[in-house]
Amino acid sequence: MKPIKIIVIGPGLIGKQHIRLVNENPRSALTAIVAPDHAQNHVIAAELDVPLFYDLSECLAHDLADAAILSSPNEFHAAQGITCIEAAVPVLIEKPITASVADGERLLELATARGARVLVGHHRAHSPLMSKAREAIGAGRLGRLVSIMGSAQFHKPARYFKDGPWRREVGGGPILINLIHEIGNFRSLCGEIAAVQAVTSSATRGFPVEDTVAINFIFANGALGTFLLSDTAGTAMSWEQTSGENPSYPSYPQEDCYTIAGTRGSLSVPTMRLRYYPEDVEPSWWTPFSEEVLHVERRDPLACQLEHFLDLAEGKAEPLVSAEDGLRNLRVTEAIRKSARDRQLVNL
């Protein structure tokens, strides 16, 4: 079978990872990149031996795309995603689905009307770690869910902002770049989020956008959650530095970034340490837990996501993270920003 022709829109930090995976997968072939007329983009295109287009519509007119991966800055997601949908080209849109809920609603409306094949790039949904955690929770091993605690604290270097100045501005901060991943995971593990309360700070970096956020969650099932996010904190308590799923980051496998607790036990992720009361034991803080570590067959979630996207492009699968799902995650992020701005609880 001929490989699926893939174009990548935005060969930046995450775009380069998509390009590598497309080239490594025998089911796909990179056929073009779409990016501004900058010297570095010409170098990238020459190294990959593919054409560089400055305009997405022009690229699509050359019949080079069976599917598209959209990894440009957030503010371009809506217009470029809509262009792909109108051209009937299956598209993987990096998270967030769009820079605003209003744009997301417009994109979802069109995607629904056209029956478009859209996957949103919340790649951790494809992680075997998350799959195993969902399995344990769904099997009732924790009892009724009570709480979840999460952390995404790390220190982004100065070059991260120099390479992408848009990351300093509103719409490019850790709430949309990083926290939206965590929201997807929280919803996946604990169900729909009913309300949020948040405070933010930009005191450390002094950018227009936030660098640190503290959030409380109320879930529809009555569980509560807390989350601390910072892109200027010198600690390893983040998915990137605990899960070992991205070799670009140093890994600290003894650390966890989530703890989910129920009436009969708790699960720490990604160490997958489970502490629980057996069915014949009444829960009590005086009673020792039974303990085990859940076994997980590890795979790169980005590679798993690409395999899923190729299936989607061929009409063999439904999106694991649909446009509607991506929009729900975005609604929560906007509620968090509203809560931080107005200093009040926001219901969803």
Side-chain angles (χ1 to χ4, degrees), residues 1-77 79-81 83-84 87 89-97 117-127 159-160 162-164 166-167 172 177-178 181 240 245-249 299-314 319-321 326:
M1 292 182 64
K2 292 184 178 180
I4 298 171
K5 297 181 292 184
I6 303 286
I7 64 169
V8 172
I9 306 150
L13 194 63
I14 186 66
K16 288 184 175 70
Q17 293 188 57
H18 287 303
I19 288 168
R20 173 181 59 81
L21 291 166
V22 167
N23 283 332
E24 290 175 357
N25 193 309
R27 296 178 60 196
S28 58
L30 182 73
T31 50
I33 60 173
V34 180
D37 184 12
H38 297 161
Q40 63 183 4
N41 293 328
H42 285 274
V43 171
I44 293 169
E47 290 176 347
L48 294 168
D49 193 26
V50 296
L52 168 66
F53 289 87
Y54 314 138
D55 181 78
L56 175 57
S57 295
E58 182 184 356
C59 179
L60 294 174
H62 279 74
D63 193 29
L64 292 171
D66 296 324
I69 296 176
L70 204 171
S71 52
S72 54
N74 300 344
E75 63 265 30
F76 300 118
H77 286 191
Q80 292 175 335
T83 297
C84 290
V89 172
V91 60
L92 190 167
I93 304 176
E94 261 302 330
K95 53 78 193 166
I97 183 171
R117 285 172 277 179
V118 178
L119 178 69
V120 183
H122 290 274
H123 70 274
R124 292 180 195 167
H126 303 264
S127 167
R159 70 175 181 274
Y160 175 87
K162 182 179 179 181
D163 291 345
W166 60 273
R167 295 171 178 140
I177 297 293
N178 304 105
H181 268 309
E240 287 85 354
E245 289 186 337
N246 188 336
S248 299
Y249 300 97
R299 287 191 66 199
D300 178 1
L302 277 171
C304 294
Q305 178 182 253
L306 176 60
E307 280 289 340
H308 176 68
F309 180 54
L310 296 176
D311 287 341
L312 176 70
E314 291 182 328
L320 181 61
V321 184

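From a predicted model like this one, the values you see are computed outputs, not experimental measurements.
Interatomic distance, K95 NZ to N178 CG, rounded to the nearest 0.5 Å: 6.0 Å. Distance check: L306 CG to L312 CG gives 11.5 Å after rounding to the nearest 0.5 Å. For the atom pair D163 CG and Q40 CD, the distance stands at 8.0 Å (nearest 0.5 Å). If you take CG on L310 and CG on L21, they are separated by 10.5 Å, rounding to the nearest 0.5 Å. Remark: L92 CG to L119 CG distance equals 4.5 Å, nearest 0.5 Å. Taking SG of C304 as the reference point, atom CG of L320 lies at 10.5 Å (rounded to 0.5 Å).
Using a 4.5 Å cut-off on side-chain heavy atoms (C-beta onward), C84 and I9 make contact. With contacts defined as side-chain heavy-atom distances shorter than 4.5 Å, the pair L70/L56 does not qualify. For the pair P319 and V118, the minimum side-chain heavy-atom distance is 4.5 Å or more. Considering only heavy atoms from C-beta on, L302 comes within 4.5 Å of I14 through its side chain. Under the 4.5 Å side-chain criterion, counting only non-hydrogen atoms from C-beta, V321 is not in contact with Q305.
In summary, of the residues considered (T83, I7, T31), a side chain to side chain contact (heavy atoms under 4.5 Å, CB included) with C59 occurs for I7 alone.
At distances below 3.5 Å, not a single donor-acceptor pair connects side-chain atoms of K5 with backbone N or O atoms of D66. Between the side chain of S71 and the main chain of G10, a donor-acceptor pair closer than 3.5 Å is present. For H308 (side chain) and H126 (main-chain N/O), no donor-acceptor pair under 3.5 Å exists by modelled atom type.
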Could you go through residues 44-55 and list every donor-acceptor pair under 3.5 Å that involves a side-chain atom there, pairing it with any protein atom two or more places apart or in another chain?
unit_1, atom_1, unit_2, atom_2, d
Y54, OH, D37, OD1, 3.2
Y54, OH, H42, NE2, 3.2
D55, OD2, S57, N, 3.1
D55, OD2, E58, N, 2.9

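In terms of heavy atoms, A65 sits closest to L60 at CB-CD2, 4.0 Å. Closest approach of P96 and N74 over heavy atoms only: CD-OD1, 3.3 Å.
The pair R117-E314 fails the salt-bridge criterion, with no side-chain N (NZ, NE, NH1 or NH2) lying under 4.0 Å from an Asp/Glu carboxylate O.
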Q: Would you check, one step at a time, whether the test side-chain contact (heavy atoms from CB on, under 4.5 Å) holds for L13 with R167?
A: CA-CA 12 Å; L13 194 63; R167 295 171 178 140; 4.0 Å; yes

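The closest side-chain donor-acceptor pair between H123 and E245, if any, does not fall under 3.5 angstrom.
Taking the six-membered ring for Trp and thresholds of 30 and 60 degrees, H181 and H122 have ring planes more than 60 degrees apart, a perpendicular arrangement.
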